[in-house]
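Beneath this line is the structure, given in C-alpha coordinates, with notes to follow.
Here the structure is a predicted model, which is why all the values come from computation and not from measurement.
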Amino acid sequence: GAPSFALTSCGTSVSENFNSFAGSAASLPGGWASSSTDYVPGGYYSNTGAYVGSNSTYALGSATDAAYGVKLPSGASPENLSYCVTNNTGSTILSMNVAWNVEQYSIAERPTTVDFFYSIDGGTTYIQTNITGTTLTTAATAGTPANLASVISTPRSIIINGLSVAPGATFCYRFRIANAGSAGSNAHIGVDDLVVTPNCTLPCAISAIAVTNTVCSDNGTPNNLTDDTYTADVTVTYANAPTTGNLVLDRKSTRLNSS
(Lines give C-alpha, C1' and ligand atoms only; values in the text may rest on other atoms or scores of the structure.)
Protein backbone atom coordinates (compact mmCIF):
# COMPACT_ATOMS: atom_id res chain seq x y z
CA GLY A 1 0.00 0.00 0.00
CA ALA A 2 0.88 3.67 0.06
CA PRO A 3 3.60 4.69 2.52
CA SER A 4 2.41 5.28 6.06
CA PHE A 5 3.74 8.85 6.04
CA ALA A 6 6.29 11.01 4.22
CA LEU A 7 8.70 13.69 5.40
CA THR A 8 7.96 16.52 2.98
CA SER A 9 7.88 19.66 5.12
CA CYS A 10 10.13 20.92 7.90
CA GLY A 11 8.27 21.59 11.14
CA THR A 12 5.15 19.73 9.99
CA SER A 13 4.01 16.73 12.03
CA VAL A 14 3.10 13.44 10.37
CA SER A 15 1.57 10.41 12.06
CA GLU A 16 0.55 6.76 12.02
CA ASN A 17 -2.33 5.53 14.19
CA PHE A 18 -2.18 1.83 13.14
CA ASN A 19 -5.97 1.73 12.75
CA SER A 20 -5.59 -0.11 9.44
CA PHE A 21 -3.69 -2.94 11.14
CA ALA A 22 -5.92 -5.98 11.62
CA GLY A 23 -3.48 -8.41 13.23
CA SER A 24 -2.05 -9.91 10.04
CA ALA A 25 1.12 -9.42 8.01
CA ALA A 26 -0.93 -8.27 5.02
CA SER A 27 -2.58 -5.49 7.02
CA LEU A 28 0.61 -3.77 8.21
CA PRO A 29 0.45 -0.06 7.32
CA GLY A 30 2.28 0.77 4.09
CA GLY A 31 6.07 0.71 4.40
CA TRP A 32 6.13 -0.88 7.86
CA ALA A 33 8.05 -4.13 8.37
CA SER A 34 7.67 -6.53 11.27
CA SER A 35 10.04 -9.32 12.26
CA SER A 36 7.03 -11.35 13.45
CA THR A 37 6.39 -14.73 11.86
CA ASP A 38 3.43 -15.54 14.10
CA TYR A 39 0.01 -14.09 13.32
CA VAL A 40 -1.94 -17.09 14.68
CA PRO A 41 -4.41 -16.50 16.19
CA GLY A 42 -3.66 -12.82 15.48
CA GLY A 43 -6.59 -10.61 14.57
CA TYR A 44 -8.02 -8.16 17.08
CA TYR A 45 -7.50 -8.48 20.82
CA SER A 46 -9.52 -6.53 23.37
CA ASN A 47 -9.10 -6.30 27.12
CA THR A 48 -12.90 -6.42 27.45
CA GLY A 49 -13.17 -9.94 26.00
CA ALA A 50 -11.94 -13.28 27.29
CA TYR A 51 -8.27 -13.58 28.15
CA VAL A 52 -6.34 -15.46 25.44
CA GLY A 53 -2.94 -16.83 26.44
CA SER A 54 -1.80 -17.63 22.88
CA ASN A 55 1.48 -15.97 21.91
CA SER A 56 0.99 -14.00 18.71
CA THR A 57 1.09 -10.62 17.00
CA TYR A 58 -2.26 -8.86 17.48
CA ALA A 59 -4.12 -5.70 16.61
CA LEU A 60 -4.84 -4.45 20.10
CA GLY A 61 -8.23 -2.78 20.26
CA SER A 62 -10.76 -2.70 17.46
CA ALA A 63 -11.16 -1.98 13.76
CA THR A 64 -11.76 1.69 14.56
CA ASP A 65 -8.93 2.15 17.07
CA ALA A 66 -6.10 -0.36 16.89
CA ALA A 67 -2.50 -0.59 18.08
CA TYR A 68 0.27 -2.86 16.83
CA GLY A 69 0.62 -5.39 19.61
CA VAL A 70 2.42 -8.56 20.63
CA LYS A 71 2.25 -11.30 23.24
CA LEU A 72 5.74 -12.76 23.17
CA PRO A 73 6.62 -16.34 24.06
CA SER A 74 8.86 -16.70 27.09
CA GLY A 75 12.48 -16.59 25.96
CA ALA A 76 11.62 -15.43 22.44
CA SER A 77 13.79 -13.07 20.44
CA PRO A 78 12.70 -9.41 20.44
CA GLU A 79 10.07 -8.42 17.89
CA ASN A 80 10.94 -5.38 15.77
CA LEU A 81 8.51 -3.03 14.02
CA SER A 82 10.33 -0.73 11.61
CA TYR A 83 9.62 2.03 9.11
CA CYS A 84 12.05 3.80 6.78
CA VAL A 85 11.30 7.06 5.01
CA THR A 86 13.15 9.41 2.65
CA ASN A 87 13.88 13.01 3.63
CA ASN A 88 11.87 14.86 0.98
CA THR A 89 11.76 18.20 2.81
CA GLY A 90 14.40 19.70 0.51
CA SER A 91 16.45 20.66 3.58
CA THR A 92 18.78 18.91 6.01
CA ILE A 93 16.92 17.57 9.05
CA LEU A 94 18.81 18.62 12.19
CA SER A 95 16.56 17.20 14.89
CA MET A 96 13.33 15.27 15.19
CA ASN A 97 10.47 15.20 17.68
CA VAL A 98 8.97 11.72 18.09
CA ALA A 99 5.96 10.81 20.24
CA TRP A 100 4.01 7.59 20.69
CA ASN A 101 1.88 5.65 23.16
CA VAL A 102 2.66 2.23 24.63
CA GLU A 103 -0.58 0.36 25.31
CA GLN A 104 -0.85 -2.63 27.65
CA TYR A 105 -4.02 -4.75 27.45
CA SER A 106 -3.25 -7.58 29.85
CA ILE A 107 -1.09 -8.29 32.86
CA ALA A 108 1.31 -11.22 33.04
CA GLU A 109 4.02 -12.90 35.11
CA ARG A 110 7.12 -11.27 33.60
CA PRO A 111 7.92 -7.75 32.39
CA THR A 112 7.80 -6.98 28.69
CA THR A 113 9.69 -3.95 27.39
CA VAL A 114 8.91 -1.61 24.50
CA ASP A 115 11.81 0.55 23.34
CA PHE A 116 12.53 2.97 20.49
CA PHE A 117 15.55 3.09 18.18
CA TYR A 118 16.41 4.92 14.98
CA SER A 119 18.76 4.52 12.03
CA ILE A 120 20.56 7.10 9.90
CA ASP A 121 22.16 4.56 7.55
CA GLY A 122 19.08 3.17 5.86
CA GLY A 123 18.29 0.59 8.51
CA THR A 124 21.66 -1.16 8.77
CA THR A 125 22.36 0.01 12.33
CA TYR A 126 19.82 1.13 14.92
CA ILE A 127 20.94 3.43 17.74
CA GLN A 128 19.69 5.54 20.66
CA THR A 129 22.27 8.34 20.48
CA ASN A 130 21.47 12.00 21.32
CA ILE A 131 17.94 11.30 22.52
CA THR A 132 16.36 13.66 25.03
CA GLY A 133 13.56 11.95 26.94
CA THR A 134 12.65 8.40 27.96
CA THR A 135 12.23 5.72 25.28
CA LEU A 136 11.81 2.56 27.38
CA THR A 137 8.47 1.35 28.75
CA THR A 138 8.21 -1.78 30.94
CA ALA A 139 4.91 -3.59 31.34
CA ALA A 140 3.26 -3.92 34.72
CA THR A 141 3.23 -7.53 36.00
CA ALA A 142 1.22 -9.74 38.34
CA GLY A 143 1.15 -13.35 39.47
CA THR A 144 -1.84 -14.44 37.42
CA PRO A 145 -2.19 -13.50 33.73
CA ALA A 146 -5.42 -11.64 33.03
CA ASN A 147 -6.90 -8.85 30.97
CA LEU A 148 -6.71 -5.38 32.47
CA ALA A 149 -9.94 -3.66 33.43
CA SER A 150 -8.58 -0.53 31.76
CA VAL A 151 -5.85 -0.29 29.15
CA ILE A 152 -2.60 1.17 30.49
CA SER A 153 -1.46 3.83 28.02
CA THR A 154 2.02 5.28 28.59
CA PRO A 155 2.86 8.35 26.48
CA ARG A 156 6.44 8.85 25.33
CA SER A 157 7.83 12.05 23.81
CA ILE A 158 11.47 12.48 22.80
CA ILE A 159 13.74 14.75 20.76
CA ILE A 160 16.50 13.26 18.62
CA ASN A 161 19.29 15.83 18.51
CA GLY A 162 22.53 16.04 16.55
CA LEU A 163 21.06 14.83 13.26
CA SER A 164 22.22 15.73 9.76
CA VAL A 165 19.81 13.90 7.48
CA ALA A 166 20.48 15.27 4.00
CA PRO A 167 17.74 15.69 1.39
CA GLY A 168 17.15 12.33 -0.26
CA ALA A 169 18.68 10.37 2.64
CA THR A 170 16.77 7.62 4.44
CA PHE A 171 15.76 7.75 8.10
CA CYS A 172 14.32 4.72 9.91
CA TYR A 173 12.26 4.26 13.08
CA ARG A 174 12.08 1.03 15.07
CA PHE A 175 10.08 -0.21 18.04
CA ARG A 176 11.52 -3.25 19.81
CA ILE A 177 9.29 -5.41 22.03
CA ALA A 178 11.25 -7.85 24.17
CA ASN A 179 11.32 -10.16 27.17
CA ALA A 180 12.81 -8.42 30.17
CA GLY A 181 14.17 -11.16 32.37
CA SER A 182 12.40 -13.19 35.04
CA ALA A 183 10.20 -16.09 33.94
CA GLY A 184 6.62 -16.73 32.94
CA SER A 185 4.20 -15.29 30.42
CA ASN A 186 4.25 -11.87 28.72
CA ALA A 187 1.55 -9.23 28.53
CA HIS A 188 -0.39 -8.15 25.45
CA ILE A 189 1.41 -4.88 24.74
CA GLY A 190 2.13 -2.66 21.77
CA VAL A 191 2.58 0.79 20.23
CA ASP A 192 0.11 3.33 18.88
CA ASP A 193 -0.30 6.94 17.75
CA LEU A 194 3.19 7.69 16.42
CA VAL A 195 3.76 11.39 15.67
CA VAL A 196 6.96 12.61 13.98
CA THR A 197 8.08 16.21 13.41
CA PRO A 198 11.28 16.85 11.40
CA ASN A 199 13.10 20.07 12.31
CA CYS A 200 15.41 21.74 9.82
CA THR A 201 16.42 24.69 12.00
CA LEU A 202 17.72 24.42 15.53
CA PRO A 203 15.79 26.21 18.30
CA CYS A 204 17.45 29.25 19.80
CA ALA A 205 18.96 28.72 23.23
CA ILE A 206 21.14 30.49 25.77
CA SER A 207 24.23 28.52 26.69
CA ALA A 208 25.71 30.93 29.26
CA ILE A 209 25.07 34.18 31.11
CA ALA A 210 27.98 36.05 32.73
CA VAL A 211 27.67 39.08 35.01
CA THR A 212 30.79 41.23 35.49
CA ASN A 213 31.78 44.74 36.63
CA THR A 214 29.01 44.91 39.19
CA VAL A 215 28.61 48.21 41.06
CA CYS A 216 26.03 48.92 43.74
CA SER A 217 25.82 52.62 44.73
CA ASP A 218 23.90 54.22 47.59
CA ASN A 219 24.34 57.68 45.99
CA GLY A 220 25.83 58.96 49.25
CA THR A 221 22.64 58.27 51.20
CA PRO A 222 23.23 54.97 53.01
CA ASN A 223 19.98 55.27 54.96
CA ASN A 224 17.83 55.80 51.84
CA LEU A 225 17.35 52.73 49.68
CA THR A 226 15.06 54.40 47.17
CA ASP A 227 17.89 56.15 45.30
CA ASP A 228 20.28 53.18 45.20
CA THR A 229 21.49 51.98 41.80
CA TYR A 230 23.01 48.77 40.52
CA THR A 231 24.99 48.47 37.31
CA ALA A 232 26.68 45.48 35.70
CA ASP A 233 27.84 44.12 32.40
CA VAL A 234 25.72 41.15 31.38
CA THR A 235 27.13 38.90 28.66
CA VAL A 236 24.71 36.44 27.08
CA THR A 237 26.09 33.62 24.99
CA TYR A 238 23.65 32.03 22.57
CA ALA A 239 23.54 28.58 21.07
CA ASN A 240 21.77 29.09 17.74
CA ALA A 241 21.09 32.79 18.25
CA PRO A 242 17.83 34.19 16.88
CA THR A 243 18.13 36.47 13.87
CA THR A 244 15.74 39.09 15.31
CA GLY A 245 14.26 40.14 18.62
CA ASN A 246 15.32 41.63 21.95
CA LEU A 247 16.69 40.11 25.12
CA VAL A 248 14.69 41.53 28.04
CA LEU A 249 16.13 41.47 31.56
CA ASP A 250 13.22 42.17 33.85
CA ARG A 251 13.23 43.09 37.55
CA LYS A 252 9.84 44.33 38.66
CA SER A 253 9.15 47.32 36.38
CA THR A 254 12.74 47.99 35.35
CA ARG A 255 13.80 46.67 31.96
CA LEU A 256 17.03 46.60 30.10
CA ASN A 257 16.82 46.00 26.38
CA SER A 258 19.73 44.69 24.37
CA SER A 259 20.01 43.15 20.97
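Checked by atom type and distance alone, the side chain of Asn17 pairs as donor or acceptor with a backbone atom of Asn19 at under 3.5 Å. Counting only distance, with no hydrogens or angles, the side chain of Thr134 and the backbone of Leu136 share no donor-acceptor pair below 3.5 Å. Checking side-chain atoms of Asn87 against main-chain N and O of Val165 turns up a donor-acceptor pair under 3.5 Å. For the pair Thr135 (side chain) and Asp115 (backbone), a donor-acceptor distance under 3.5 Å is absent. Side chain of Asn47 to backbone of Tyr105: no donor-acceptor contact under 3.5 angstrom is found. Side chain of Thr113 to main chain of Thr138: no donor-acceptor pair is present (N/O by atom type, distance under 3.5 Å, no hydrogens or angles). Not one N or O on the side chain of Thr86 forms a donor-acceptor pair closer than 3.5 Å with the backbone of Asn88. Judged purely by atom type and a 3.5 angstrom limit, Asp38 uses its side chain to pair as donor or acceptor with the backbone of Val40. Here the side chain of Thr141 pairs no donor or acceptor atom with the backbone of Glu109 at under 3.5 angstrom. Listed for the Asp218 side chain is a donor-acceptor partner under 3.5 Å among the backbone atoms of Gly220.
Of the candidates Thr137, Asp193, Thr154, Asp192, Asp193 is the only one forming a side chain to side chain donor-acceptor pair (under 3.5 Å) with Asn101.
A donor-acceptor pair shorter than 3.5 Å cannot be found between the side chains of Asn161 and Ser95. Side-chain polar atoms of Thr89 and Ser91 form no donor-acceptor pair below 3.5 angstrom. With no hydrogens or angles considered, no side-chain donor-acceptor pair links Ser35 and Glu79 at under 3.5 Å.
Within the 4.5 Å cutoff, side-chain heavy atoms of Val114 are placed close to those of Ile189. Side-chain contact between Gln104 and Leu148 is present, with at least one heavy-atom pair separated by less than 4.5 Å. Within the 4.5 Å cutoff, side-chain heavy atoms of Arg110 are placed close to those of Asn186. Side-chain contact check for Val98 versus Ile160: some heavy-atom pair is nearer than 4.5 Å. Under the 4.5 Å side-chain criterion, counting only non-hydrogen atoms from C-beta, Pro29 is in contact with Phe18. Side-chain contact between Val211 and Thr214: present, with at least one pair of heavy atoms (C-beta onward) separated by less than 4.5 Å. In this structure the side chain of Leu7 reaches within 4.5 angstrom of the side chain of Ile93, judged on heavy atoms.
Smallest separation of non-hydrogen atoms from Ser9 and Pro198: O-CG, 3.7 Å. Annotation for Leu28 and Trp32: closest pair CD1-O, 4.0 Å, computed over non-hydrogen atoms.
Every residue two or more places apart in sequence or in another chain was checked for a side-chain contact (heavy atoms from CB on, under 4.5 Å) with Ser150, and none qualifies. Remark: Asn213 pairs with Asp233 by the side-chain contact (heavy atoms from CB on, under 4.5 Å) rule, at least two apart or across chains.
Distance check, rounded to the nearest 0.5 Å: CG of Asn80 to OG of Ser36 gives 11.0 Å. A distance of 7.5 Å separates CD in Glu103 from CG in Leu60, rounded to the nearest 0.5 Å. Atom CD1 in Ile209 sits 9.0 Å away from atom OG1 in Thr237 (nearest 0.5 Å). Here the straight-line distance linking atom CD1 of Ile107 with atom CD1 of Ile152 works out to 6.0 Å at 0.5 Å rounding. Rounding to the nearest 0.5 Å places CZ of Phe21 at 5.5 Å from OH of Tyr68. Note that OG of Ser119 and CD1 of Ile127 are 7.5 Å apart. Values are rounded to the nearest 0.5 Å.
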Passes side-chain hydrogen bond (donor to acceptor under 3.5 Å, both in side chains), Ser56 versus Ser54? Steps please. CA-CA 6 Å; Ser56 181; Ser54 300; over 6 Å; no
side-chain contact (heavy atoms from CB on, under 4.5 Å) evaluation trace for Phe5 with Leu194: CA-CA 10 Å; Phe5 60 81; Leu194 173 68; 3.9 Å; yes
Show your working on ring pair (Phe, Tyr, Trp, His ring centres under 6.0 Å) between Tyr118 and Tyr126 and close with a plain yes or no. CA-CA 5 Å; Tyr118 69 93; Tyr126 283 87; 8.6 Å; no
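Counting non-hydrogen atoms of other residues, nucleotides and ligands closer than 6.0 Å to CD1 of Ile120 gives a total of 12 or fewer.
Using cut-offs of 30° and 60° on the angle between ring planes, the pair Tyr173 and Phe116 is tilted. Using cut-offs of 30° and 60° for the angle between ring planes, the Tyr45 and His188 rings count as parallel.
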